[in-house]
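Values in this document were obtained by computation on a predicted structure and should not be read as measured data. Here is the naming used below: chain letters follow the sequence lines, and residue numbers restart at 1 for every chain.
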Amino acid sequence: MSILSLMDVKKFFPTAQGVVRAVDGVSFDIGKGETLGLVGESGSGKSTVAYTVIGSHAPTSGSISFEGEDIGLQASKRPLSIKKRLQIVFQDPGTSLNSARTIRQTLEVPLKVHGNGMSRQQRLERVVGLLDLIQLPPAYMHKTPGMLSGGEKQMVGIARALATGPSFVILDEPTSALDVSVQAKIITMLMDFQRRFELSYLFITHDLSLMRNVASRVAIMYLGKLCEVAGTSEFFRNPLHPYTQLLLSSIPVLSDEEERLKPGQVISRGEIPSPVNIPSGCSFHLRCHRKMEICEHKDPEMVDTDQGHRVRCHLYP
Amino acid sequence: MTQPLLAIQGLNVGFKVFEGEMKVLKEVNMTVNAGEKIGLIGEMGCGKTTTMKTIIRLLAEPAANITGGRIMFNGTDTLSMSRGEFQKIRRNSLSMIFEDPTAALNPVYTIGTQVRDAVYAAGNFKSKPTRAEVQARAVRALEEVALPDPERVLNNYPVQLSGGMRQRVCIAMALLSASDLLIADEPDTSLDVTIKDQVLRLLNDLVERKGTSIILVTHSLGAVRKMTDRIYVMYAGSIMETAPTNMFFTEPLHPYSRVLVASAPRLTGRGIGEGIAGRIPDYINPPAGCRFSPRCELAVDECIHHRPEMREIRPDHFVACPQVDPVVA
Amino acid sequence: MAVTRILTTGTAPNRGENARRNWYRFSRNPLSIIGLTMVILILILAVAAPIIAPHPPSAGKFLNFSMASRAPSAENWCGTDVFGRDILTRVLYGFRFSLMMVVVVLSLVVPVGVFFGLLAGYYRSTWIDTGIMRITDIFVSIPPLVLALAICAVLTPGVFNAMVAVSLMWWPWYTRMVYGVASSLRGEFFVQAAELTGAGKWHILFKEILPNCLSSILTKMSLDAGWVILIGASLSFVGLGAQAPTPDLGSMVAEGSKYLPDQWWISVFPAFGIMLVVLAFNLLGDGIRDMFGTERG
Ligand SMILES: Nc1ncnc2c1ncn2[C@@H]1O[C@H](COP(=O)(O)OP(=O)(O)O)[C@@H](O)[C@H]1O
Ligand SMILES: Nc1ncnc2c1ncn2[C@@H]1O[C@H](COP(=O)(O)OP(=O)(O)O)[C@@H](O)[C@H]1O
Ligand SMILES: [Mg+2]
Ligand SMILES: [Mg+2]
């Protein structure tokens, strides 16, 4: 049974330049204990998906259901019980913590809201427990974010998300601002937490090699739409969409073994267009190395090729 | 042996702050030969930008303090030169590309004004150039970095361009001066994968064609592997290991390099390393011995008390760690 | 148990450290130190005026025509006015009065201004924002002194009304400043995190956003102190503020100006007093701004 499911979710922002179609009909399911890796270049609408699911804003249309409940509402209208089970870790560790408050004060907020009258002492013990979880010494609770390194800040952000005991966590590029060595440490922790607390993740990133190692399924997003969704090993063994092939071919790898896993060289052309002015037909056709006549005027439908490998491209009717 | 283009010898750089003196760079040695492509990697805050800024004399005065060492450029020590003398070298031989292409361009002037200024500054005109000549060179410069429709781009303001296009403009301007050495400080960090790939490919083609030496500072180990001949690994202001790039990726030797490389996620999907616990040491009171010793799993007493010597473990492969055994390696 | 030990031994271990760092930043500019010293001195003089003033009765309704209009001398360092009152005494009491004005005005203005600023900033682009900010626009569009003059003219002239007038025209500036900070912080991830986990509005306004506005508020308060004094003095100067015989620096200058240039001391010393206070608070404000500055070091 899926824990989160999105059905044709759209989110448009009216702006002075025109309507930004940030998310334009996205559907996916995430099963219990699963990690869905949502991958795309910046501006493709990944964060907007995250913020819509978490309830920062309501979707323009479409439905979102979480553990069987319809949650297509803004956060201010959602019941507390959903906020407790659905949490988010933000991309920028710098601004995700309040620099004027100590780590203890930050970690106590979710405990005060969801703690059902925990005593001061119980809260303190829980804060120490949370710090222990992210392998920071208890004395850290008195520090302010300014004294922490980027990695430590992000770990506190993770601890805050886990404080309420959620079942689903959205990770919006949790390590993209960090060094690989710190990233490795945080990823190891996140994988460990997933097993221990039976968490499901929506893991947003632009790093496909990272997804190879952490996701159970991968979804590729381009200009507000999904291009391809597949189980991780199938996805990397048999990437179908030309955009996926472009992404994979652009990855700078560390060994010849990996070089052989990439599809043949696809030269990257052009850049992601503005979402106010989405190209007609398939939105990727301007950059596509396998463009056909039909791509210029007809937007392809998502099709199921086999066993849950879905792709949206005219090459696969 | 021929003289190297750039030789940094025993460079020490500190910053004066409230808490005291941050001893950031410690005995940095680095050599760049003509036409060589060097990669410099290391965690955030380990002193890569400081090293590059020292080379090109852009350190934030008066906090920065060069406490020792020499920077030999074509055999002369630039640190003992006057500003004026150094300016000449910088104009004719050195250029730098920064991480943030937005900050490197002035938002109130058009790209054209800035590129044309760079054309003038680069000089090497036989007589005073006409406007048309300058414009033609500016267009050519943008064509070189594969910007579509250069005439239009010249009339745009920086905000009207995407990050990737801005970075190309910066590269074009950097390459205008007949540069011997190009310093690229994380030119790819703020860009997307596909754009990163485009920009690095372009940079590689250009320096190869012109025979320019390049120091590429980056977070991306993959980019270094693809583009450079030789790699330097820096940790907390000291060079830990240097080797020809191929040799390094076949087998990194320093314990720090090993964890760093093991931490990078791979397409093979065999999981990623555990990373490194702890954080970069405090530069006010850095460890007396090896700066990596507090986080190193192999550290012994000697590491804590004595600064390790650079040793040539394999031909041309140098490592600053007493625990790396030449026989095993 | 272990947790209790942390609580007892480890509370805020960084207070002293932070204070010293702040002092380092503040004191890097010698002018800030001068400003701080001046403010402290003026404070001491004002508080201790009844003890140190050479002739305390001069502060009130005192007449001694035999001593009238004496030039500065060993006995009366700053001379005496037309009623024979010691000017130095009156200036010292004047400091008292000015500082009291600052305290009263700022303690009326800051809470109100900050509260509305937080509210409008947090509810940006709603009717709350529009309502509050349009009202501040009205106040801000009228030159401050003109507004204060108008209010004082309507009400009966007097110290209290002068303070009310100054306060009325001052709060919108705090609202605007805090509005700026709050409306930009509103979108920050830490505010979103608190909202999304279900923290209440008041928690977000006062615990998450307000602490981040404190440095700008403090800086503005110290810079404003000088201006409050100046405006108060200006009101008194034109006769709409403190009334005789209150020892107010502004009205002293006003009265004294009638006897310029012959009996210059009657107006020059009080004017000098105003200048000192205003200067002191401005230097202090600059120092506080440096202290909270983002610049590293
Ligand atoms: N509140 C908003 N108003 C207008 N446009 C927005 C807003 N939020 C996001 N966008 C636009 O939607 C597009 C997708 O943004 P985002 O979801 O942040 O992408 P990603 O996270 O993949 O980088 C971008 O072009 C962005 O400018
Ligand atoms: N102007 C400065 N004043 C004080 N400290 C500085 C200054 N510039 C850099 N540093 C410090 O020097 C160290 C190295 O910084 P940097 O060279 O930018 O590292 P990298 O480029 O490897 O990330 C950091 O700890 C940084 O805080
Ligand atoms: Mg994003
Ligand atoms: Mg740097």
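- Considering every non-hydrogen atom in both C:A199 and A:V109, the closest pair reads CB-CG1, 4.0 Å.
- Neither the backbone nor the side chain of A:R78 comes within less than 4.5 Å of any heavy atom of chain C.
- Of the inter-residue distances, the one linking A:L97 atom CG with C:E188 atom CD reads 11.5 Å to the nearest 0.5 angstrom.
- With hydrogens and angles ignored, the 3.5 Å screen pairs no side-chain donor or acceptor of A:N98 with any backbone N or O of C:F190.
- Within the 3.5 Å criterion, the main-chain N or O of C:K207 finds a donor-acceptor partner in the side chain of A:R101.
- In A:M7, the CE atom is not crowded: 12 or fewer heavy atoms of neighbouring residues, nucleotides or ligands sit closer than 6.0 Å.
- With chain A as partner, the option from C:L196, C:L185, C:N212 having the largest number of non-hydrogen pairs under 4.5 angstrom is C:L196.
- Here the side chains of A:K83 and C:T197 are not in contact, with every heavy-atom distance at 4.5 Å or above.
- The neighbour count for C:F160 CZ, taken as heavy atoms of other residues, nucleotides or ligands under 6.0 Å away, does not exceed 12.
- The candidate from A:G94, A:A161, A:P166, A:S96 with the greatest count of non-hydrogen atom pairs under 4.5 Å with chain C is A:S96.
- Of the residues considered (A:S56, A:G55, A:G157), A:S56 shows the highest number of contacts with chain C, using heavy-atom pairs under 4.5 Å.
- Note that NZ of A:K112 is 7.5 Å distant from NE2 of C:H203, once rounded to the nearest 0.5 Å.
- Options A:D92, A:V89, A:L86, A:T164 differ in how many heavy-atom pairs under 4.5 Å they form with chain C, and the most are formed by A:D92.
- Of the listed residues A:L80, A:I54, A:I88, A:I82, the one with more heavy-atom pairs under 4.5 angstrom with chain C than any other is A:I54.
- In the displayed structure, C:W171 atom CH2 is contacted under 6.0 Å by more than 12 heavy atoms of other residues, nucleotides or ligands.
- Enclosure of atom OH in A:Y201 by more than 12 non-hydrogen atoms of other residues, nucleotides or ligands within 6.0 angstrom is indicated.
- The aromatic rings of C:F189 and A:F90 sit parallel to each other, their planes meeting at less than 30°, with 60° as the upper class boundary.
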